[in-house]
Amino acid sequence: MISVTTTTIASSKNDTLVVFVWEGVSPEKSLPKALQGKATELCSNELFTGKRGEKRLMCVADSSLAKKVLFVGLGNKREFSLSLFRSLVGDVYKYILGLKLSTVSFFVGESLGTHVSIHDCASIIATKARLASYLFDKYKTKKKNDTVRIKKVVIVSPRAQSIKIIQLAINRATIIADAVNNARDLINEPPNKMTPQDFARRVLRDARRVRVPCKQLDLPAIIKEKMGGLLAVAQGSNNKPVFLILHYKPTQKKKKTICLVGKGICFDSGGISLKSGSDLMCMKYDMAGGAVCAYTVLAAAQLKIPHEVIGLIPLCENVPDGTAYRPGDIITMASGSTVEVLNTDAEGRIILADALNFSARYKPDVVVDMATLTGAVKVCFGDKAAALLGNNERLMMSLQQIGEEVGERLWPLPLWEEYQDDLKSDAADMKNVGFKGAGTICGAKFLSNFIPKTAWAHIDIASVSWEEEGKPFIPKGASGFGVRLLVHYLLALK
Ligand code: BES
Ligand code: MN
Ligand code: ZN
């Protein structure tokens, strides 16, 4: 695993030191004092303008402090933002890896701190490093060891006073990035190794490590809770369902109570309404919402967030069998209302409905659910955003804003009352699918029938949970999308 440390320039022995330069400011002046006048070629004809993303690698005359300096342009001060800095740091790692280097240092000086806080800088540098170093190769009997990865990152500060702040930021970033990577680990496991029981065992183990009470409801308890939705979806599989409850209570007097609900379908074949070919292949990631929800609660505990945070995760498999639920079945949900199942592949909303109903007993101020609910969200946004729906403008606005800041984009869709018409059933209170398009909205509309009277947001992450090609900071496979969003939401919550 990568380590991120902090030091002053005098005590650092760096190979490559990254130095950020504002547009229009001389690179020379952006250097740490000790290096000024020592970066060769600086006075060459080529001018370094500091345009955003511009890079220049230079040797250092006196190599006792650093062998090379990599100047990176920050661009215009007025156009600068945190997300810009985030993508710049991303670029830098890509560049460093391109040079086949695995260690790098960043100089976080005063001038950078005028537009981004030193804390935010350090946290972005540390987070990106750990997210980029993630690798899921436990089932490879021959491990590849020729790929270069970032192994060590040092953040260099000119001021001793800043070191404490930077160290704090690194610690926090490490907790959050590890939560993302832990969630990725669960999601990447194949469905034969990540049954509902396996999921529960893993989360219980990790919860114990950070002392978060975690309760596992098994079949008898689920029956006792009358969770007809979860029971119906689960009934076709030999792997029994689990309802997982994580409950973090702050030691100080709590400010708010937040319920996070995550879809935990460990494998979604569609059931009797069987999916076809390629759609079936990656349906192990249908528990991404559950994994994200679990590790968000654990990160919240490690960060000592002053709110009570409850994670509710209904877990089961959706498979066809003689005992499986059928299209046409009418089931009675935990809330008491009845649902006519017209498509067994719209199973996520059914298990989430029971979990949302369960959340009412905590009298939460806010409920947020995360789910790989509909393929339609990909049609909407490709892999560029998750869909955001809900009943509370303020909650949605703040989630969207934080998503923008952390680089996990959300985009709103409406939940107009008219969509409910499409869910009307002739035989039961409602059906589980509409037939007039707007799949993502109808899925959320269905859920809205089961939420307690609280501020609620639904995030459909089917578009962003699985990375098809691999990006520098999202290796191929599970992205862990949502952990950083929700943790930062909780951190910002008053
Ligand atoms: N888990 C799927 C949604 C999904 C699709 C996630 C593709 C990731 C990638 C969900 O359970 C599902 O099958 N939804 C159906 C709903 C439809 C039957 C109304 C869908 O989107 O096709
Ligand atoms: Mn499905
Ligand atoms: Zn599903």
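Positions are given from 1, in the same order as the sequence printed here.
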Return a table of donor-acceptor pairs under 3.5 angstrom between the side chains of residues 484-494 and protein atoms on other chains or two or more places apart.
residue : atom : partner : partner atom : Å
R484    : NH1  : V406    : O            : 2.9
R484    : NH2  : V406    : O            : 3.0

For residues 284-291, which side-chain N or O atoms pair as donor and acceptor with protein atoms under 3.5 Å away, sequence neighbours left out?
residue : atom : partner : partner atom : Å
K284    : NZ   : N188    : O            : 2.7
Y285    : OH   : A462    : O            : 3.2
D286    : OD1  : K263    : NZ           : 3.1
D286    : OD1  : T372    : OG1          : 2.4
D286    : OD2  : K263    : NZ           : 3.2

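- With no hydrogens or angles considered, a side-chain donor-acceptor pair links Y139 and E189 at under 3.5 Å.
- Side-chain contact, Y295 with N181: no donor N or O sits under 3.5 Å from an acceptor N or O.
- Side-chain contact, Q400 with E404: no donor N or O sits under 3.5 Å from an acceptor N or O.
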Exercise for the section: Tell me, with the steps shown, if L389 and K445 meet side-chain contact (heavy atoms from CB on, under 4.5 Å). Expected result: CA-CA 9 Å; L389 301 100; K445 195 74 206 172; over 6 Å; no

Please report, to 0.1 Å, the donor-acceptor pairs under 3.5 Å made by any side chain of residues 214-223, with sequence neighbours excluded.
residue : atom : partner : partner atom : Å
Q216    : NE2  : Q197    : OE1          : 3.1
Q216    : NE2  : D218    : OD1          : 3.1
D218    : OD1  : Q197    : NE2          : 3.4

Problem - Verdict with reasoning, T195 to D198, per side chain to side chain donor-acceptor pair (under 3.5 Å) - result: CA-CA 5 Å; T195 64; D198 294 321; 2.9 Å; yes

Problem - Derivation and outcome, salt bridge (Lys or Arg N to Asp or Glu O under 4.0 Å), residues E418 and K436 - result: CA-CA 12 Å; E418 288 88 334; K436 294 183 183 153; over 6 Å; no

Exercise for the section: Please assess E467 against E469 for the test side-chain contact (heavy atoms from CB on, under 4.5 Å), listing each intermediate value before the final yes or no. Expected result: CA-CA 6 Å; E467 172 58 44; E469 291 136 23; 3.9 Å; yes

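- Residue-environment remark: NZ (K226) stays at or below the threshold of 12 foreign heavy atoms within 6.0 Å.
- Counted by atom type alone, W466 and D383 present zero donor-acceptor pairs between their side chains at under 3.5 Å.
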